[in-house]
Amino acid sequence: MTIGVIGGGAWGTALAQVAAESNDVLLWAREPEVAGAINSAHENIVFLPGVPLSPAIRATGTLDDLSECEMLLVVAPAQHLRAVLSEAPRADVPLLLCAKGIEAGTRLLMSEVAAQVQPRAPIAVLSGPTFAHEVAARLPTAVTLACEDEALGRSLAEKIARPFFRPYLSTDVIGAEIGGAVKNVLAIACGIVEGRGLGQNARAALISRGFAEMTRFGLAKGARAETLAGLSGLGDLVLTCSSTSSRNFSLGVGIGQGRAASELLADRKSVAEGAFTAPVLQEAAREIGVEMPVVDAVCTLLAGRAGVNEVIGALLSRPIRAEG
Ligand SMILES: NC(=O)c1ccc[n+]([C@@H]2O[C@H](COP(=O)([O-])OP(=O)(O)OC[C@H]3O[C@@H](n4cnc5c(N)ncnc54)[C@H](O)[C@@H]3O)[C@@H](O)[C@H]2O)c1
Ligand SMILES: O=P(O)(O)OC[C@H](O)CO
């Protein structure tokens, strides 16, 4: 079968490499130099350099070329997903959504955006603790594959599973998406703590209190607790809050070291989704009356409305309260 991949960033390329172990893969890349190098040198020189890619991966710059694919992995960044999917051929094949974020303006999750622009396509979500370079190196990785239609979810999982790439099934699409979106914002917070030299205790406290925020928000939006505590929630939170391999964490490190978020973001070619999700998440949480102080703190720092010491001081001086 031919699997289509929409998005030639690091994650789209790593997933193409996984899928190419037993399928033909057609990857749409926005940048002509990315598509050119994949076809001529079997390497994504821009977003995943140094990884020799399977010759079973062909790249194209034309979305219409994906019209014959039997399933599509959608790996465009969250804020571009609507535009890219709108330009893609009308699909009634399954869309496996792999971006982690909430759309600015609409506050919609990726599955909700996809349902608006590709209403005939069955939708599933792939999320979890997955650094692209590790997956591309075939290091053991487990993910959540969420689909309301259990049988479809199982068949998609069977198509992409490999001995080193192990999907766990869920029917909680919203839960899988909320975990992936929220953890990116919390990873920025953990990076700030690292960049400021505030120690491991502070980071563990942030992961734990951040997980409490993710859970409050997720449950209020209809997510299931076990999904939030699983690979796509807590699992990804732990990964992303612990390593400079995370673009969100490393953005936070820069902010913690005193650099302006705007300057750090302007320097980047790769995406730090948490920077875009944070203000939308804050709006969404306020709308439903869910308190998210760590998310609020990240928003303040991203917008440059206060300094790091002031924001951390305010977090630490909140009234003493019950943990649960
Ligand atoms: N990299 C990872 O390890 C990883 C793992 C899991 C999930 N993800 C998620 O996958 C998604 C894609 O991330 P990535 O790491 O592949 O990206 P990346 O940072 O490697 O590359 C940036 C991507 O953004 C695309 N882009 C830039 N401007 C665009 C525009 N105007 N319209 C459409 N596309 C545009 C580029 O073509 C490129 O594909 C994100 O939501 C990310 O959170 C990434
Ligand atoms: O580099 P990040 O922070 O976008 O994290 C990548 C993946 O989402 C980790 O699961």
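Note that ligands are numbered from 1 as they come in the structure, with each ligand's atoms numbered from 1 the same way. The figures that follow rest on heavy atoms only: side chains count, while hydrogens, waters and symmetry mates do not.
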(message) For atom 22 (C) of ligand 1, what is the closest protein heavy atom, and at what distance to 0.1 Å?
(response) Phe47 CE2, 3.7 Å

(message) Under 4.0 Å, heavy-atom basis, I'd like to know which part of Thr13 is in contact with ligand 1: side chain, backbone, both or neither.
(response) neither

(request) Show your working on salt bridge (Lys or Arg N to Asp or Glu O under 4.0 Å) between Lys269 and Glu31 and close with a plain yes or no. (result) CA-CA 12 Å; Lys269 214 171 218 168; Glu31 300 77 10; over 6 Å; no

(request) Considering only non-hydrogen protein atoms, determine which one is nearest to atom 5 (C) of ligand 1 and report residue, atom name and distance to 0.1 Å. (result) Thr130 O, 3.0 Å

(request) Identify the protein heavy atom lying closest to atom 19 (O) of ligand 1, giving its residue, its atom name and the separation to 0.1 Å. (result) Val271 N, 2.8 Å

(request) Output yes when Glu70 and Lys159 qualify as a salt bridge under the 4.0 Å nitrogen-oxygen rule, no when they do not. (result) no

(message) Under a 4.0 Å threshold between the charged nitrogen and the carboxylate oxygen, would Glu21 count as salt-bridged to Arg138?
(response) yes

(request) Decide whether an N or O pair under 3.5 Å exists between Arg30 and ligand 1. (result) yes

(request) For ligand 1, find out whether one of its N or O atoms is nearer than 3.5 Å to an N or O atom of Gly9. (result) yes

Please produce the table of protein N or O atoms sitting under 3.5 Å from N or O atoms belonging to ligand 2, one pair a line, distance to 0.1 Å.
from	atom 1	to	atom 2	distance (Å)
ligand 2	1 (O)	Arg247	N	2.8
ligand 2	1 (O)	Arg247	NE	2.5
ligand 2	3 (O)	Ser246	OG	2.6
ligand 2	3 (O)	Arg247	N	3.3
ligand 2	3 (O)	Asn248	N	3.1
ligand 2	3 (O)	Asn248	ND2	2.7
ligand 2	4 (O)	Arg247	NE	3.2
ligand 2	4 (O)	Arg247	NH2	3.1
ligand 2	4 (O)	Asn248	ND2	3.3
ligand 2	8 (O)	Lys100	NZ	2.8
ligand 2	8 (O)	Lys183	NZ	2.8
ligand 2	10 (O)	Lys100	NZ	3.0
ligand 2	10 (O)	Gly128	O	3.1
ligand 2	10 (O)	Thr130	N	3.0
ligand 2	10 (O)	Asp236	OD1	2.6
ligand 2	10 (O)	Asp236	OD2	3.4

(message) I need the atoms of ligand 1 closer than 4.0 Å to a non-hydrogen atom of Gly8, numbered in the order shown.
(response) 39 (O)

(message) Donor-acceptor check, side chain of Glu177 to backbone of Met110, threshold 3.5 angstrom: yes or no?
(response) yes

(message) Using heavy atoms and a 4.0 Å limit, tell me yes or no: is Arg268 in contact with ligand 1?
(response) no

(message) Taking Asp236 first and then Lys100, would you say they form a salt bridge - that is, a charged N and a carboxylate O separated by under 4.0 Å?
(response) yes

(request) Measure the distance from atom 20 (O) of ligand 1 to every protein heavy atom, then report the residue, atom name and distance (to 0.1 Å) of the closest one. (result) Ala10 N, 2.7 Å

(request) Could you tell me the residue and atom name of the protein heavy atom closest to atom 7 (C) of ligand 1, and the distance to it rounded to 0.1 Å? (result) Trp11 CD1, 3.1 Å

(message) Any nitrogen or oxygen of Ala76, side chain or backbone, less than 3.5 Å from one on ligand 1?
(response) no

(request) Name the closest protein heavy atom to atom 3 (O) of ligand 1, giving the residue it belongs to and the distance to 0.1 Å. (result) Ala132 N, 2.8 Å

(message) Tell me the protein heavy atom at minimum distance from atom 15 (O) of ligand 1, and give that distance in Å.
(response) Arg247 NH2, 3.0 Å

(request) Could you list which atoms of ligand 1 come closer than 4.0 Å to a heavy atom of Gly12? (result) 16 (O)

(request) Would you tell me whether Asp296 and Gln282 have side-chain atoms, one donor and one acceptor, within less than 3.5 Å of each other? (result) yes

(message) Looking only at protein heavy atoms, which one is nearest to atom 37 (O) of ligand 1, and what is the separation?
(response) Glu31 OE2, 2.6 Å

(message) So, regarding Glu273 and ligand 1 (criterion: nitrogen or oxygen to nitrogen or oxygen, under 3.5 Å), is there a contact or not?
(response) yes

(message) Measuring from atom 12 (C) of ligand 1, which candidate in Leu81, Leu239, Val75 has the nearest non-hydrogen atom?
(response) Val75

(message) Whether the side chain of Glu213 engages the backbone of Glu291 through a donor-acceptor N/O pair (distance < 3.5 Å, no angle test) should be reported.
(response) no

(message) Taking distance alone, with N or O pairs closer than 3.5 Å, would you say Lys100 contacts ligand 1?
(response) yes

(message) Please check this pair: side chain of Trp28 against backbone of Gly7, looking for a donor-acceptor N/O pair closer than 3.5 Å.
(response) no

(message) Is Cys98 close enough to touch ligand 1? Criterion: a residue heavy atom under 4.0 Å from a ligand atom.
(response) yes

